[in-house]
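Throughout, a chain's letter reflects where its sequence line sits, starting with A, and its residues are numbered from 1. These figures come from a predicted structure and were not determined experimentally. Excluded from the calculations below are hydrogen atoms, water molecules and symmetry mates; all remaining heavy atoms, backbone and side chain alike, are included.
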2 protein chains.
Amino acid sequence: MAVSIPATVETTVHATMDALTSAEKRAARTLLANYPTIGLAPVAEFGTAAGASAATVLRFISRLGFRSYPDFQRALRTELDERTKSPLQRSFEVPRQESERFLDRFFEQTAEIMRATAERIPASEFEAASRKLADSRHACHLAGGRFTDALAMYMEAHLRRARPGVRRLDGRIANRADQLLDIKAGDVVVLFDMRRYDDDLLETARQLKAARAFTILVTDEWISPISRFSKIVLPCRVSIDRIWDANTAMFALVEALIARTTELSWKTAESRIRAGD
Amino acid sequence: MAVSIPATVETTVHATMDALTSAEKRAARTLLANYPTIGLAPVAEFGTAAGASAATVLRFISRLGFRSYPDFQRALRTELDERTKSPLQRSFEVPRQESERFLDRFFEQTAEIMRATAERIPASEFEAASRKLADSRHACHLAGGRFTDALAMYMEAHLRRARPGVRRLDGRIANRADQLLDIKAGDVVVLFDMRRYDDDLLETARQLKAARAFTILVTDEWISPISRFSKIVLPCRVSIDRIWDANTAMFALVEALIARTTELSWKTAESRIRAGD
DNA sequence: GCCATTCTGAAATTCTCGTTTCAGTGTTGA
DNA sequence: TCAACACTGAAACGAGAATTTCAGAATGGC
């Protein structure tokens with residue numbers, strides 16, 4: 001038996017979205033983004049906030065099925081009342097409906113992957129990696145493969161805010177040799193490698209080990225051969241019962257590393273962040 | 001040191017209570033009992049609920065220090081807005097809990113953010129975006145800002161596997177003008193923009209609209225001004241009660257888009273992927 | 001690129017709502 | 001008991017709100 005979903009204004013908006021014109025959609029989005037307050041304001045104000053005219057907002061409201069704007073506002077108030085009167089009820093509000101939506105299923109699976117990932121990464125490893133990253137006495141280098149280069153890039157951009165001496169290694173192998181010369185013993189290097197593992201990156205890792213760099217490897221559950229040359233290995237689940245591999249857990253791990261590192265080096269980070277913004 | 005209490009309407013009512021006449025007190029009690037919804041209703045309704053006349057309610061409101069009833073309502077709305085959005089405005093504090101659980105907590109919060117994101121993205125919008133991306137008759141362009149460029153890059157790498165004609169716009173503005181010339185009416189453009197919103201990207205979006213491109217915007221919960229020039233807007237939660245914004249939900253959305261797009265264009269995608277691996 | 005169609009916002013219109021007034025009611029103190 | 005005073009709500013008023021209309025702009029199909 002399907003549990004009936006309460007027909008809130010919000011769900012109605014979602015359901016109606018399809019049938020809306022573009023200016024009306026702007027109104028819809030504004031409402032969802034400032035739910036429910038903007039709907040409690042006069043139409044004119046709602047219109048301005050949405051970058052549309054009052055008339056458009058009214059058309060939007062009527063398309064949602066309300067007979068008038070005051071009618072719509074009454075619905076919002078009633079809803080608000082019920083929500084605040086039974087806060088406990090809120091967690092049951094959106095019950096285990098069969099999520100037919102692709103997006104919901106996908107996100108659920110992803111959350112599961114993340115849970116599995118968190119389980120498998122030893123806290124001590126994570127902590128050691130963060131501390132090493134937060135230690136700005138040594139330079140920090142990042143590199144990834146074909147698909148993971150974007151992760152390296154993202155991490156670089158954020159790590160730069162927290163500490164000095166962050167650099168991403170160029171993807172092309174030709175340039176690698178030169179770049180490796182800059183790396184000193186004790187420097188931190190974060191490598192991203194997942195199936196199918198990158199041979200060039202493996203070679204790079206070997207040389208880094210020879211140069212006595214401190215290598216942190218972020219890899220998938222099958223673990224890249226680079227682990228041989230790494231001080232710290234952080235394995236992420238990338239699939240559970242899904243056809244495509246999902247790197248979201250890896251991305252989340254990157255964010256966690258950034259967050260923890262920033263926290264640990266807050267003294268340095270604070271001024272850098274303020275200067276950067 | 002006294003903790004300063006924020007001057008909410010509610011506290012003002014309490015403070016004013018004993019200066020009120022008996023009918024006014026009825027109004028005050030009604031407001032406190034149905035806070036804040038009854039105050040968002042028309043005066044007449046408020047009056048009826050309180051068993052008093054509209055005039056009495058008005059006198060009550062003015063005694064609270066508001067210049068008019070709409071003024072009072074505006075205060076309530078602002079307050080309501082802040083109540084739902086403010087947890088993230090808390091200033092930075094180093095978490096007392098030591099590192100062990102950092103990763104777990106972080107991932108939990110992230111999962112929560114993802115849930116909230118999935119909830120807010122209308123299925124129709126997601127589906128429409130995927131379909132448009134799967135339609136390889138038109139070219140597809142991607143661009144991001146300072147931190148989101150990495151997302152564009154990641155999406156580019158994967159979308160390339162699924163379909164031809166994918167290109168990422170160069171980050172530097174100088175090159176933008178030339179690149180825009182290549183974009184034809186009907187082309188899909190995926191833009192990533194989050195706080196603090198990128199002015200150059202906004203300008204690019206404006207020109208894209210003029211060129212009649214089909215713009216898909218991936219943004220945060222406060223919605224980039226680019227939404228004005230976009231056909232589809234996909235808002236992601238980036239924070240719930242955490243100091244730093246987290247882009248994991250956005251990354252997951254990108255992966256979901258890639259997955260769905262690949263699914264929809266499987267005929268084309270299959271051979272491309274085989275050739276690429 | 002052109003035409004039919006749809007969409008949009010400014011302005012005119014209508015009506016509801018907030019506000020004010022004032023007569024009536026209740027209350028207090030002599 | 002009566003007068004002075006404060007409180008209250010019904011009704012009149014005017015402001016500002018929602019709604020409708022319509023001409024011009026944008027869009028989509030050929």
Side-chain angles (χ1 to χ4, degrees), chain A residues 16-31 38-77, chain B residues 16-31 38-77 128 131-132 135 137-138 184-188 205-215 227-232:
Chain A
T16 318
M17 197 58 110
D18 243 357
L20 301 177
T21 69
S22 90
E24 284 166 13
K25 271 187 190 161
R26 242 178 292 145
R29 274 179 231 126
T30 308
L31 177 58
I38 195 66
L40 296 165
V43 231
E45 196 175 317
F46 190 159
T48 308
S53 66
T56 300
V57 173
L58 257 357
R59 277 186 289 260
F60 161 59
I61 295 304
S62 102
R63 239 187 260 257
L64 289 179
F66 295 102
R67 282 196 18 259
S68 70
Y69 193 72
D71 220 46
F72 158 72
Q73 293 190 310
R74 191 163 321 122
L76 284 180
R77 288 201 309 270
Chain B
T16 319
M17 197 59 114
D18 49 359
L20 301 176
T21 68
S22 85
E24 284 166 12
K25 271 185 188 155
R26 245 177 294 143
R29 270 184 242 116
T30 307
L31 176 59
I38 195 66
L40 295 165
V43 233
E45 197 175 319
F46 192 160
T48 308
S53 69
T56 300
V57 173
L58 256 357
R59 278 186 287 262
F60 160 58
I61 295 304
S62 104
R63 236 188 264 262
L64 290 179
F66 294 101
R67 284 200 13 261
S68 70
Y69 193 72
D71 222 47
F72 158 73
Q73 294 190 310
R74 199 180 343 267
L76 286 179
R77 287 201 309 270
R131 279 186 198 288
K132 196 72 195 177
D135 177 359
R137 282 173 305 178
H138 302 292
K184 300 186 176 51
D187 279 10
V188 199
R206 175 174 291 130
Q207 292 172 25
L208 285 170
K209 164 120 182 180
R212 302 218 282 160
F214 189 100
T215 301
S227 63
R228 279 229 53 176
F229 307 118
S230 309
K231 278 282 200 317
I232 295 179

> Taking atom C1' of C:dC2 as reference, at what distance in whole Å does atom CZ of B:R212 sit?
Replying inline: 12 Å
> Excluding sequence neighbours, so at least two apart, what forms ring-ring contact (aromatic ring centres under 6.0 Å, His included) with A:F66?
Replying inline: A:F72
> Whole Å only: how far is the CG atom of A:L20 from the C1' atom of D:dT27?
Replying inline: 17 Å
>> Whole angstroms only, please: what is the NZ-C1' distance between A:K25 and C:dT8?
In response: 16 Å
>> Tell me the interatomic distance from B:F214, atom CZ, to D:dG28, atom P, rounded to whole angstroms.
In response: 9 Å
>> Taking B:S68's backbone N and O only, do any of them form a donor-acceptor pair with B:Q73's side chain (distance below 3.5 Å, no angle check)?
In response: no
> In the 5'-to-3' direction, what one-character label does each nucleotide of nucleotides 5-20 of chain D receive under the scheme B = base within less than 4.0 Å of a protein heavy atom, S = sugar-phosphate only, - = no such atom?
Replying inline: --SBBB-------SBB
>> Nearest 0.5 angstrom please: B:F46 CZ to B:T30 OG1, how far?
In response: 6.0 Å
> Can you check whether B:R63 reaches B:T21 side chain to side chain, under 4.5 Å on heavy atoms?
Replying inline: yes
>> In this structure, how many angstroms lie between the C1' atom of D:dG28 and the NZ atom of B:K132, rounded?
In response: 12 Å
> When you check the phosphate oxygens OP1 and OP2 of D:dA26, does a side-chain N or O of B:K231 lie under 4.0 Å from one of them?
Replying inline: no
> By side chain to side chain donor-acceptor pair (under 3.5 Å), which residues pair with A:S53, not counting sequence neighbours?
Replying inline: A:T56
> Just how far, in rounded Å, is P of C:dT19 from CZ of B:F66?
Replying inline: 13 Å
> Does some side-chain heavy atom of B:R228 sit less than 4.5 Å from a side-chain heavy atom of B:K209?
Replying inline: no
